[in-house]
Student: 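Attaching a single structure in structure tokens format; questions to follow.
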Amino acid sequence: MFETGEYIIYGNTGVCKVEEVKKMAAPGSKTDKLYYALEPVYNKGSRLFTPVDNQKVRMRPILTRAEADELIDNIKEIDILWVTDEKNREQMYKEAIRTCNCVEWVRIIKTLYLRKKSRLAAGKKVTSSDAKYLHLAEEILYGELSVVMGIPKDEVETYITHRVHETE
């Protein structure tokens, strides 16, 4: 169970702070149930309530600084998503996003960055689906790394790029 004040990843919402853990009556139920009151870090003023035992939305603690450093140091070795069936491309992106796994988010970003570069070089536009999932993966990953590393979210991509190129 997460504690008040902890930062967690809550599904596609990204980084949230656990504001409190309290008993509440579940909608349509007469019994009280434990809920997290979550405040999304990048959507100030909004608040989410979710059962502590929620099985539908993935929740996990945010990375530690050491885990974030290791992830960035290993970005070059993380393979892209190999999509053999174009019809299933979007479904693969959805599944990778839903894992709440940073390595999967990096795979999406790398895959879509290369796909975007290739399409633009061929004179084609980036598909709306590719743009959507690239943006979503970047928002969630960069949001988490921003909190972990204490740097503004809009500087995370530059930070990663510098770190990756330092090791070359």
Side-chain angles (χ1 to χ4, degrees), residues 1-3 6-18 36 38-43 48 50 54-168:
M1 192 164 107
F2 303 113
E3 301 295 325
E6 237 181 302
Y7 287 96
I8 67 169
I9 293 296
Y10 179 73
N12 291 354
T13 303
V15 182
C16 293
K17 184 176 185 179
V18 178
Y36 291 122
L38 305 174
E39 182 183 322
V41 170
Y42 296 104
N43 193 359
L48 305 169
T50 187
N54 187 338
Q55 298 298 311
K56 293 180 182 172
V57 180
R58 300 264 334 229
M59 292 183 272
R60 67 165 173 79
I62 62 169
L63 298 175
T64 64
R65 177 63 191 243
E67 290 167 335
D69 286 335
E70 183 179 352
L71 175 73
I72 293 168
D73 291 343
N74 291 323
I75 282 180
K76 283 185 186 173
E77 285 76 44
I78 297 173
D79 205 5
I80 64 171
L81 286 171
W82 294 100
V83 181
T84 53
D85 182 0
E86 284 297 315
K87 291 180 181 179
N88 291 329
R89 178 177 293 282
E90 186 171 359
Q91 188 59 35
M92 284 185 70
Y93 297 157
K94 278 183 189 175
E95 289 169 13
I97 291 284
R98 272 193 220 120
T99 64
C100 286
N101 181 318
C102 293
V103 171
E104 291 302 312
W105 297 338
V106 169
R107 292 178 75 202
I108 290 172
I109 293 167
K110 284 179 73 170
T111 301
L112 293 175
Y113 174 78
L114 292 173
R115 185 168 153 85
K116 176 181 178 179
K117 197 171 163 182
S118 167
R119 289 183 67 84
L120 292 175
K124 297 179 182 178
K125 290 183 178 181
V126 176
T127 68
S128 61
S129 173
D130 284 1
K132 171 185 166 183
Y133 286 101
L134 176 59
H135 178 74
L136 184 57
E138 287 177 334
E139 283 295 305
I140 299 171
L141 179 67
Y142 297 169
E144 181 171 5
L145 293 175
S146 169
V147 170
V148 172
M149 303 185 133
I151 59 176
K153 185 165 71 166
D154 62 353
E155 294 177 18
V156 172
E157 184 175 6
T158 304
Y159 176 83
I160 291 171
T161 303
H162 282 73
R163 281 272 305 270
V164 168
H165 291 297
E166 278 178 6
T167 60
E168 287 181 342

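For the single chain, residues carry numbers from 1 onward in sequence order.
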Student: Run the salt bridge (Lys or Arg N to Asp or Glu O under 4.0 Å) test against Arg65 and tell me which residues pass, sequence neighbours left out.
Tutor: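 Partners of Arg65 under the salt bridge (Lys or Arg N to Asp or Glu O under 4.0 Å) test: Asp69.
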Student: Taking distance alone, no hydrogens or angles, what donor-acceptor pairs closer than 3.5 Å link side-chain atoms of residues 140-155 to residues at least two apart or in another chain?
Tutor:
| residue | atom | partner | partner atom | Å |
| --- | --- | --- | --- | --- |
| Glu144 | OE1 | Arg60 | NH2 | 2.7 |
| Glu144 | OE2 | Arg60 | NH1 | 2.9 |
| Glu144 | OE2 | Arg60 | NH2 | 3.4 |
| Glu144 | OE2 | Leu63 | N | 2.8 |
| Ser146 | OG | Tyr42 | OH | 3.0 |
| Ser146 | OG | Ile151 | O | 2.5 |
| Ser146 | OG | Lys153 | N | 3.3 |
| Lys153 | NZ | Glu139 | OE1 | 2.6 |

Student: Do you know which two heavy atoms are closest between Val164 and Ile72, and how far apart they sit?
Tutor: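 Scanning both residues completely, I find the closest heavy atoms to be CG2-O, 4.0 Å.
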Student: Is the side chain of His162 donor-acceptor paired with the backbone N or O of Thr158 at a distance under 3.5 Å, no angle test?
Tutor: yes
Student: Which value, rounded to the nearest 0.5 Å, describes the distance between Ile8 atom CD1 and Glu3 atom CD?
Tutor: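 One finds 11.5 Å between CD1 of Ile8 and CD of Glu3.
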Student: Return yes if some donor-acceptor pair links the side-chain N/O of Tyr10 with the main-chain N/O of Leu38 below 3.5 Å, else return no.
Tutor: no
Student: How far apart are the closest heavy atoms of Gly11 and Cys100, and which atoms are they?
Tutor: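 Taking every non-hydrogen atom into account, CA-SG, 3.7 Å.
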Student: Return the set of residues passing salt bridge (Lys or Arg N to Asp or Glu O under 4.0 Å) with Glu70 (not counting sequence neighbours), or none when no residue passes.
Tutor: none
Student: Working note: Leu71 + Val103, criterion side chain to side chain contact (heavy atoms under 4.5 Å, CB included); need CA distance, chi angles, decisive distance, verdict.
Tutor: CA-CA 7 Å; Leu71 175 73; Val103 171; 3.9 Å; yes
Student: What residues, two or more places apart in sequence or in another chain, satisfy ring-ring contact (aromatic ring centres under 6.0 Å, His included) together with Tyr7?
Tutor: none
Student: Taking only residues two or more places apart in sequence or in another chain, which ones pass side-chain hydrogen bond (donor to acceptor under 3.5 Å, both in side chains) with Thr127?
Tutor: Asp130
Student: Restricting to pairs with a member in residues 110-129, which pass ring-ring contact (aromatic ring centres under 6.0 Å, His included), not counting sequence neighbours?
Tutor: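 Every pair satisfying ring-ring contact (aromatic ring centres under 6.0 Å, His included) with a residue in residues 110-129: there are none.
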Student: To the closest 0.5 Å, what do you measure between OG1 (Thr99) and CD1 (Ile108)?
Tutor: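 So the gap between those two atoms works out to 7.0 Å.
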Student: So which pairs with a foot in residues 7-16 pass salt bridge (charged side-chain N to carboxylate O under 4.0 Å, His left out), sequence neighbours left out?
Tutor: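 Pairs touching residues 7-16 that pass the test: none.
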Student: Residues two or more places apart in sequence or in another chain: which of them pass side-chain hydrogen bond (donor to acceptor under 3.5 Å, both in side chains) with Glu95?
Tutor: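 Here the qualifying residues are Gln91.
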Student: How far does CD1 of Ile78 sit from SG of Cys102, to the nearest 0.5 angstrom?
Tutor: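 With rounding to 0.5 Å, CD1 (Ile78) is 9.0 Å from SG (Cys102).
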Student: Going by side-chain hydrogen bond (donor to acceptor under 3.5 Å, both in side chains), name the residues that satisfy it together with Asn88, two or more places apart in sequence or in a different chain.
Tutor: Asp85
Student: For a quick test of reading the model, state the closest non-hydrogen atom pair linking Thr64 to Glu67 and the distance between them.
Tutor: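 Of all heavy-atom pairs spanning Thr64 and Glu67, the closest is N-OE1, 2.8 Å.
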Student: Just grab all the ring-ring contact (aromatic ring centres under 6.0 Å, His included) pairs involving residues 85-112, residues at least two apart or on different chains.
Tutor: Tyr93-Tyr133
Student: Could you give the distance from OG (Ser129) to NZ (Lys94), rounded to the nearest 0.5 Å?
Tutor: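 Taking OG in Ser129 and NZ in Lys94, the distance rounds to 8.5 Å.
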Student: Name all residues meeting the side-chain hydrogen bond (donor to acceptor under 3.5 Å, both in side chains) criterion together with Glu104; count only those two or more places apart in sequence or in a different chain, and write none if there are none.
Tutor: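 Listed in chain order: Arg107.
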Student: Checking side chain to side chain contact (heavy atoms under 4.5 Å, CB included) for the pair Leu48/Thr50: CA distance, chi angles, key distance, verdict?
Tutor: CA-CA 6 Å; Leu48 305 169; Thr50 187; 5.9 Å; no
Student: Any side chain to side chain donor-acceptor pair (under 3.5 Å) involving residues 116-125? Give me the pairs, sequence neighbours left out, ordered by first then second residue.
Tutor: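 Sorted result for residues 116-125: empty, none.
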Student: Give, for atom CG of Leu136 and atom CD1 of Ile109, the distance between the pair rounded to the nearest 0.5 Å.
Tutor: 9.5 Å
Student: Starting at NZ of Lys110, measure out to NZ of Lys76 and round the result to the nearest 0.5 Å.
Tutor: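 So the gap between those two atoms works out to 9.5 Å.
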Student: Do Asn43 and Thr13 come within less than 4.5 Å of each other through their side chains, counting heavy atoms only?
Tutor: no
Student: Would you say the side-chain atoms of Thr111 pair up with the backbone N or O of Leu81, donor to acceptor, closer than 3.5 Å?
Tutor: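 Yes; judged by distance alone, with no hydrogens or angles, the pair exists.
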